[in-house]
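This report concerns only the one structure given below.
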Amino acid sequence: MTTVLTPATPLTAADRCDRCGAQAYLRVVLLSGGELLFCAHHGRKFEPELKKIAADIQDETERLTSAPAANADTEDR
């Protein structure tokens with residue numbers, strides 16, 4: 001049997017961490033077929049164990065440090 005993963009949709013503010021309820025920035029698709037969502041903190045905390053059971057990890061934590069596109073044209077003068 002071949003498993004085909006569909007492209008992941010971006011995580012939104014409505015996606016919540018399964019551990020604490022904070023906004024999720026990681027989606028872990030499990031080899032067993034389910035998925036788990038984690039905030040950046042819990043994603044880092046559980047990363048070693050998650051890698052053992054994950055088919056795919058969608059990591060959007062870079063959104064925490066990147067500037068919003070709306071502010072890209074605003075500069076200090």
Side-chain angles (χ1 to χ4, degrees):
M1 179 176 164
T2 303
T3 304
V4 177
L5 297 175
T6 58
T9 57
L11 293 165
T12 69
D15 294 309
R16 310 311 288 181
C17 176
D18 288 325
R19 183 73 173 132
C20 69
Q23 184 172 345
Y25 288 93
L26 285 99
R27 174 182 284 124
V28 181
V29 179
L30 304 173
L31 292 170
S32 62
E35 76 174 26
L36 297 170
L37 300 176
F38 290 101
C39 63
H41 165 78
H42 285 111
R44 283 190 301 271
K45 181 177 179 178
F46 299 123
E47 182 179 19
E49 294 303 314
L50 291 171
K51 285 184 173 182
K52 295 176 186 176
I53 61 170
D56 185 48
I57 298 177
Q58 176 184 349
D59 184 346
E60 296 185 8
T61 56
E62 77 281 351
R63 292 176 31 213
L64 292 168
T65 57
S66 62
N71 294 336
D73 63 336
T74 306
E75 295 180 23
D76 292 331
R77 296 173 197 241

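FYI, the numbering just counts along the sequence from 1.
- Atom SG of Cys17 is separated from atom NE2 of His41 by 8.5 Å, given to the nearest 0.5 angstrom.
- Of all the heavy atoms in Phe38 and Leu50, the pair that sits closest is CE1-CD1, 3.7 Å.
- Residues Leu36 and Val29 do not share a hydrophobic cluster, defined by chaining ILVMFWY side chains whose heavy atoms lie under 4.5 Å apart.
- Partners of Glu49 under the side-chain hydrogen bond (donor to acceptor under 3.5 Å, both in side chains) rule, at least two apart in sequence or in another chain, are Lys52.
- Note that the CG atom of Leu26 and the CG atom of Asp15 stand 11.5 Å from one another [nearest 0.5 Å].
- Looking at every heavy atom in both residues, Gln23 comes nearest to Arg16 through N-NH2, 3.4 Å.
- Placement of Leu37 and Leu30 in two distinct hydrophobic clusters is found when ILVMFWY residues are connected by side-chain heavy-atom separations under 4.5 Å, directly or transitively.
- The salt bridge (Lys or Arg N to Asp or Glu O under 4.0 Å) analysis of residues 25-37, with sequence neighbours excluded, yields the pairs Arg27-Glu35.
- For the atom pair Glu60 CD and Thr12 OG1, the distance stands at 9.5 Å (nearest 0.5 Å).
- Between Thr61 and Ala40, the closest heavy-atom pair is CG2-CB, 3.8 Å.
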